[in-house]
Peer 1: 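This is the structure I want to talk about, given as structure tokens.
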Amino acid sequence: MENIILKAENISKQYRLGTVGTGTISHDLNRWWSKVRGKEDPFLKIGDTNDRSIKGNSDYVWALQHINFKVKQGEVLGIIGRNGAGKSTLLKILSRVTSPTTGEIKTKGRIASLLEVGTGFHPELTGRENIYLNGAILGMTKAEIKAKEDEIIDFSGCARYIDTPVKRYSSGMTVRLAFAVAAHLEPDILVVDEVLAVGDAEFQKKAIGKMQDISKTAGRTVLFVSHNMAAVKSLCNRAIILDQGKIIYEGNVDESLRIYKELSSNESIAFNFSEHKPHYNTIKISKFSILDINGESISECLMGDNFNFEFNIESKIETSFTLRVAVFDDKENRILAFDSSDIGSVFEISKNQIKKIKCIVSESINLKSGKYYLNISLRRGAILYDHIVGVTTLMILEKDIFGYGRFSYSDMPIILKKHQWEQL
């Protein structure tokens, strides 16, 4: 008999754009009256599909529609899909952060979720105190948490700062500790969104190894959302693809990745900043451009050409912040990252100010020809104010960068650097 630990039955989630709840007393009364009479909610019959590329004709949108799947104990399920497909909404429903409009989630055992940097952490408490706080939330006794405390601290690599308030942690330290807590406090189901992208390559490898260990050795279940297809392939034994709020494929990982790649290659990225909703309604990225050396906005350039990045930041508060640009190839491998915090560049902004920030890349990167995707983020320490995945693409066109008459470098590494050879 199949040991099913999680079951999603006809899950749908509807939002009304621009408002909280249904938005009007009349709509709430209509819903209540229908419920009293045993009738179907009248607003379930309206609403557009979750297609962010079109304007739509309704104030209602279905973030998810008719989601059905089962997960066995010990299984690692990958949930993949393009931006806005409904992945994070589904994980929030599975984690009981929000409730579905229709349908039901049935689970066995404890669920630990890591949906964004610092999930469940209190910034004023120390790292050690947050370990105990998270354990208590999961229903563990103090003795159970104490038994795991040293292992959690060692895995996180934050031993030196464990008695420092979490608000003073970097984003990388915060996600290390948050993952260590979620993975070591013995949840029956571990839910992980793409927060691991914040960590460095060494930590990502360590985290994936830990998830493999808890699924294979401890028999626990992992639900894993990521745009890193290499991580999905190495970790998951089954996957589902979401597109416009619906499951379009469920099954073999390799076939899932093939279908996802086809979807991504057909996707035209044209990010609409006017409709962009940041994580916090206080400060946001309102414009982003890739510039050539003449300051002109570009979407393609030749191999070896220099380019820079420019941000417009809008703030309703006085604060400080750092910026980051991450560059990914078509296999979702992170190739480059430009982070102002790495070089000590912290920016100040006043209340109701618009500030323009430029990132100047001082030397040619020499990326191999191909299509690259850019993610951008704005944060203050561990607080992620704004994060946009796939904000734009950059097409690198072929060029004879070595002056040797060769234009195609398909069998070469991603980054090519000019060099010379000498016979001694």
Side-chain angles (χ1 to χ4, degrees), residues 5-6 71-80 87-88 91 94-95 107-121 127-128 130-135 137-140 144-162 166 169-239 253 332-334 382:
I5 196 168
L6 184 149
V71 187
K72 300 177 185 176
Q73 183 175 349
E75 190 172 24
V76 183
L77 177 69
I79 302 174
I80 59 179
K87 305 183 297 298
S88 294
L91 290 196
L94 297 176
S95 304
T107 60
K108 297 178 183 177
R110 294 186 296 218
I111 299 178
S113 301
L114 193 58
L115 303 181
E116 58 183 55
V117 177
T119 298
F121 276 15
R128 193 186 306 274
N130 271 295
I131 292 173
Y132 282 87
L133 175 63
N134 273 253
I137 291 170
L138 283 174
M140 300 182 72
E144 287 177 312
I145 303 168
K146 181 68 177 176
K148 292 284 185 179
E149 181 182 346
D150 291 341
E151 193 176 346
I152 291 170
I153 295 171
D154 181 63
F155 184 91
S156 71
C158 299
R160 186 174 183 181
Y161 307 96
I162 200 64
V166 165
Y169 285 18
S170 69
S171 57
M173 288 169 60
T174 306
V175 78
R176 277 175 170 269
L177 184 59
F179 179 83
V181 170
H184 285 82
L185 292 182
E186 300 185 349
D188 298 289
I189 303 171
L190 178 62
V191 179
V192 183
D193 206 342
E194 35 195 355
V195 291
L196 295 184
V198 175
D200 55 30
E202 179 268 333
F203 173 67
Q204 289 181 40
K205 183 177 179 180
K206 192 176 180 180
I208 288 171
K210 181 62 181 176
M211 286 188 281
Q212 289 173 329
D213 182 58
I214 65 175
S215 65
K216 294 177 182 177
T217 307
R220 298 191 179 91
T221 301
V222 179
L223 304 182
F224 183 59
V225 165
S226 179
H227 284 285
N228 186 331
M229 295 301 103
V232 172
K233 186 170 183 177
S234 65
L235 178 63
C236 303
N237 43 42
R238 193 164 63 90
V253 173
E332 305 293 343
N333 296 308
R334 183 170 53 186

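Along the sequence shown, residues are numbered consecutively beginning with 1.
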Peer 1: Indicate yes or no: at least one non-hydrogen side-chain atom of Met211 is less than 4.5 angstrom from one of Phe179.
Peer 2: yes

Peer 1: Apply side chain to side chain contact (heavy atoms under 4.5 Å, CB included) to Tyr161 and list each qualifying residue two or more places apart in sequence or on a separate chain.
Peer 2: Thr164, Tyr169, Met173

Peer 1: For Ile153, which residues count as a side chain to side chain contact (heavy atoms under 4.5 Å, CB included) partner, sequence neighbours excluded?
Peer 2: Arg128, Ile131, Glu149, Ala159, Ile162

Peer 1: What heavy-atom pair brings Val191 and Ser95 nearest, and what distance separates the two atoms?
Peer 2: CG1-OG, 3.8 Å

Peer 1: Take Thr221 and Leu6 through the test side chain to side chain contact (heavy atoms under 4.5 Å, CB included) and record every step on the way to the result.
Peer 2: CA-CA 9 Å; Thr221 301; Leu6 184 149; 6.0 Å; no

Peer 1: Do the side chain of Ser215 and the main chain of Gln212 share a donor and acceptor less than 3.5 angstrom apart?
Peer 2: yes

Peer 1: Donor-acceptor pair, distance only, cut-off 3.5 Å: does the side chain of Glu75 make one with the backbone of Ile5?
Peer 2: no

Peer 1: On a heavy-atom basis, which atom in Thr174 and which in Ala382 lie closest, and how many Å separate them?
Peer 2: OG1-CB, 3.2 Å

Peer 1: With rounding to the nearest 0.5 angstrom, report the NZ to CG distance, Lys72 to Leu77.
Peer 2: 12.0 Å

Peer 1: Just to verify, what does Arg110 make a salt bridge (charged side-chain N to carboxylate O under 4.0 Å, His left out) with, not counting sequence neighbours?
Peer 2: none

Peer 1: Please determine whether the number of non-hydrogen atoms from other residues, nucleotides or ligands lying under 6.0 Å from atom NZ of Lys233 exceeds 12.
Peer 2: no

Peer 1: For a 4.5 angstrom cut-off between non-hydrogen side-chain atoms, does Leu91 reach Ser113?
Peer 2: no

Peer 1: Identify the two heavy atoms, one from Asn237 and one from Gly74, that lie closest to each other, and give their separation to 0.1 Å.
Peer 2: ND2-O, 4.5 Å

Peer 1: Quick check: do Arg176 and Phe155 have side-chain heavy atoms less than 4.5 Å from each other?
Peer 2: no

Peer 1: What pair of heavy atoms forms the shortest contact from Ala183 to Ile214, and how long is it?
Peer 2: O-CG2, 4.2 Å

Peer 1: Heavy atoms only: give me the nearest Ala112-Ala182 pair and the separation to one decimal.
Peer 2: CB-O, 3.9 Å

Peer 1: Looking at residues at least two apart in the chain, or sitting in another chain, which of them share a side chain to side chain contact (heavy atoms under 4.5 Å, CB included) with Leu133?
Peer 2: His122, Leu125, Asn130, Ile137

Peer 1: Which pairs count as salt bridge (charged side-chain N to carboxylate O under 4.0 Å, His left out) when at least one residue sits in residues 178-189, sequence neighbours excluded?
Peer 2: Lys148-Glu186

Peer 1: Could I get the full list of salt bridge (charged side-chain N to carboxylate O under 4.0 Å, His left out) partners for Lys216, not counting sequence neighbours?
Peer 2: none

Peer 1: Provide the closest heavy-atom pair for Pro187 versus Ile111 in the form atom of the first, atom of the second, distance.
Peer 2: CB-C, 4.5 Å

Peer 1: Test Ser88 against Asp193 for side chain to side chain contact (heavy atoms under 4.5 Å, CB included), laying out the working first.
Peer 2: CA-CA 7 Å; Ser88 294; Asp193 206 342; 3.0 Å; yes

Peer 1: When rounded to the nearest 0.5 angstrom, what is the spacing between CD1 in Ile152 and NE2 in His184?
Peer 2: 6.5 Å

